[in-house]
Number of protein chains: 2
Amino acid sequence: MVTLEDVARQAGVSLATASRVLNGSTRQVGAAMRTRVEKAAAELGYRTNVAAQTLARGASNVIGLVVHDLVDPYFAAIADGAMRAADAEGHVVMVGTTRRDPEREIAYVATLNAQRAKAVLIAGSRVADPVVTARLKAELDRYRAQGGRAACVGQDLLGVDTVAPGNHAGAARLAGALADLGHTRFAVLAGPPHLITAADRRAGFQAALAERGLPEPQIVYGRFDRDGGHAAAASVRPDVTCVFAVNDVMAVGALAAFRERGVRVPEDVSVAGFDDIPTLRDHVPALSTVRLPLAAMGSLAVELALAGEDVPQVVAMEGEVVLRESVRAI
Amino acid sequence: MVTLEDVARQAGVSLATASRVLNGSTRQVGAAMRTRVEKAAAELGYRTNVAAQTLARGASNVIGLVVHDLVDPYFAAIADGAMRAADAEGHVVMVGTTRRDPEREIAYVATLNAQRAKAVLIAGSRVADPVVTARLKAELDRYRAQGGRAACVGQDLLGVDTVAPGNHAGAARLAGALADLGHTRFAVLAGPPHLITAADRRAGFQAALAERGLPEPQIVYGRFDRDGGHAAAASVRPDVTCVFAVNDVMAVGALAAFRERGVRVPEDVSVAGFDDIPTLRDHVPALSTVRLPLAAMGSLAVELALAGEDVPQVVAMEGEVVLRESVRAI
DNA sequence: CCCTCCACGGAAAGCGATTTCCAAGTATGC
DNA sequence: GCATACTTGGAAATCGCTTTCCGTGGAGGG
């Protein structure tokens, strides 16, 4: 394994000079020395040992990204945005998936702390359990106490820079748009009650209906993924004319369930989701939803974390209602 | 920043003992010392400095994964499989996206070499340019010369452990199945000519048609993504009854293009893809394809790399033809 | 022509862990 | 009861790089 010392010896210069040439420094190195070092490094096939560099510098160029599930287009889009931003700043990205287990989320923050990652990004909904949230916050605080930066895409509950999607307001606007189409009897495929994102969207939707004096929607709890939507669709009451799934992958699952049962969308029932994941544009029928700029949210989170303001910044991202063929007026 | 030395001092033991307790070792430590160290570590909130550990041990627990595009469900599925396997072995994963630029692929291998990653996984098609391939191979060889392990999901061109999808054979079997339905006039949305995966699939398809004495299919080149399929579909000749897109995302794009033009699938034209990406199951019409076990391929690649046999292993993965509603007999 | 200052090369002290080598204490066998 | 063999704790060298501090030679100013 060729080290900087090998390069320095081959070039006939000191370690310090070789380091300054190859790994950047504020100090200048004369042209003659510089080319000698570069030539030696190329000949020997030298590659910096980042572990040693990180140790010596006391700072790494790793950005950690924690998501629930990379296969979910929602997280894939956020991760993609984050990776582009990280890349543009010369950082590399370490990704961990929690598989929706908060314990794994905490463990991964600890791992990233051990890596002395430059920044940690946590994407995805918080859970309603205050004990779990407190433990994650404690782990993040410890990390930040050691000089780490952190940002979150989701609820502003961790005391760090946050990109906060307007879940409540977006769902409320969607409810309004759907009510304007003449719907009165709604169902909400609400996901798990303890997931705050799911709960906020459900609550926003319900609040808007109540404000208009419309009857309470049917609430169906379930999982937050495609299969959860598929299963929940089975219990929707027959008099319901419009179904709101609290995220797009659930809506896609519900659409599949309706199709299997011969229920036509939108003729028999209207369906809407939330997020506007990229894969949606090829779906039949085209799904109505609330558009969130997912990739931008990912890159913004990276920028916030890297900027590292003293007081945590919270940026709200409002979703835009997009009506497509999955809904119709009644 | 609390170090092992702080912990040792607080516990009143030596650095060596603290290290043995906290970071694993073959050596035993007495129960009394052990609990004292653990207590001190917990009180101080100690987190191992992985950079220092990596430097001292001469080995890291990072696995690098290089993919073209995380938003593409094909790569997301492979990455997910790889991450699960890595996780099971106690490794963390660093992901890089190349955005289909071979230069970035090479650069990322160099970065992972600098990280002294335990293993590097390269997923995605090689390109036909032998110079580029040689440069990537050289970079990988340098990495492996320093003790790194590598594996590849794709063509066996890099001299490392490889999980090789049966592109040619799978496409040939698909062509056979489609011909059995009575189709004789085909088009192939062939992707970019220089992408070997795309070329192999096209060639396999053509070979099977030729073997049956069927006329040459129309070949339409284009990009290897959804928009490429969408654009390519526009130039399909009107007499064609069956279109093969060399991957699923292209097929999905083609389906969208046909829908926009009022061409019905499968009534007017049959369409098939390749890969069987997970999002396909909710597509309308359900897309016929060749199923590849993507997640398993990802985890297998990790296992191969970690096993580190002396001679590179090559595991072929054969795809299974799956006919769904996007094709019909003629 | 002398003095100051700048530019640039090198020696050496860390960074925070692991691990080898010693030494001392404790079991075990006869 | 003594020699032998394990255990187990600690001192110190080491991993590869960065960076401070020092020293030297040459340019520029008066």
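What you see is a predicted model, and the numbers here were worked out from it, not measured in a lab. Proteins get letters first, then strands, A, B, ... in listed order; numbering begins at 1 in each.
- Per the geometry, CG belonging to B:Asn113 stands 14 Å off P belonging to D:dG16, to the nearest Å.
- The shortest distance between the side-chain N/O atoms of B:Thr17 and the OP1/OP2 oxygens of D:dG9 is not below 4.0 Å.
- Atom CZ of A:Arg20 is separated from atom P of D:dT18 by 11 Å (rounded to the nearest Å).
- Side-chain atoms of B:Asn23 and B:Gln53, non-hydrogen and from C-beta on, do get closer than 4.5 Å to each other.
- Whole-Å rounding puts the A:Met1 CE to D:dT14 C1' distance at 15 Å.
- Inter-residue side-chain proximity for B:Arg116 and B:Val62 is flagged as unmet; no heavy-atom pair is nearer than 4.5 Å.
- Nucleic acid contact for B:Gly58: none, since no nucleic acid atom lies under 4.0 Å from a heavy atom of the residue.
- You'll find the side chain of A:Leu304 stays beyond 4.5 Å of the side chain of A:Thr162, heavy atoms only.
- Computed from coordinates, the A:Leu55 CG to D:dT19 C1' distance equals 13 Å when rounded to whole Å.
- When the P atom of D:dT20 is taken as reference, atom CG of A:Leu15 falls 15 Å away, rounded to whole Å.
- Every residue two or more places apart in sequence or in another chain that forms a ring-ring contact (aromatic ring centres under 6.0 Å, His included) with B:Phe75 is listed here: B:His68.
- A donor and an acceptor atom, one from each side chain of B:Thr197 and B:Gln155, are located under 3.5 Å apart.
- Sequence order on DNA chain D of the closest nucleotides to B:Val29 and A:Ala51 puts B:Val29 first from the 5' end.
- What you find for B:Asn113 and B:Glu139 is that their closest heavy atoms are ND2-OE2, 4.3 Å.
- Taking atom CG on A:Asn61 and atom P on D:dC17, their separation rounds to 15 Å, with Å as the unit.
- Within the 4.0 Å cut-off from OP1 or OP2 of D:dC15, not a single side-chain nitrogen or oxygen of A:Asn49 is found.
- We find that CD of B:Gln115 is positioned 21 Å from P of D:dC15, with the value rounded to whole Å.
- Distance A:Leu4 CG to D:dC17 P: 5 Å, rounded to the nearest Å.
- Salt bridge absent: B:Asp80 and A:Arg99 never bring a charged side-chain N and a carboxylate O closer than 4.0 Å.
- In the 5' to 3' direction, nucleotides of DNA chain C lying under 4.0 Å from heavy atoms of chain B begin and end at C:dG16 to C:dC21.
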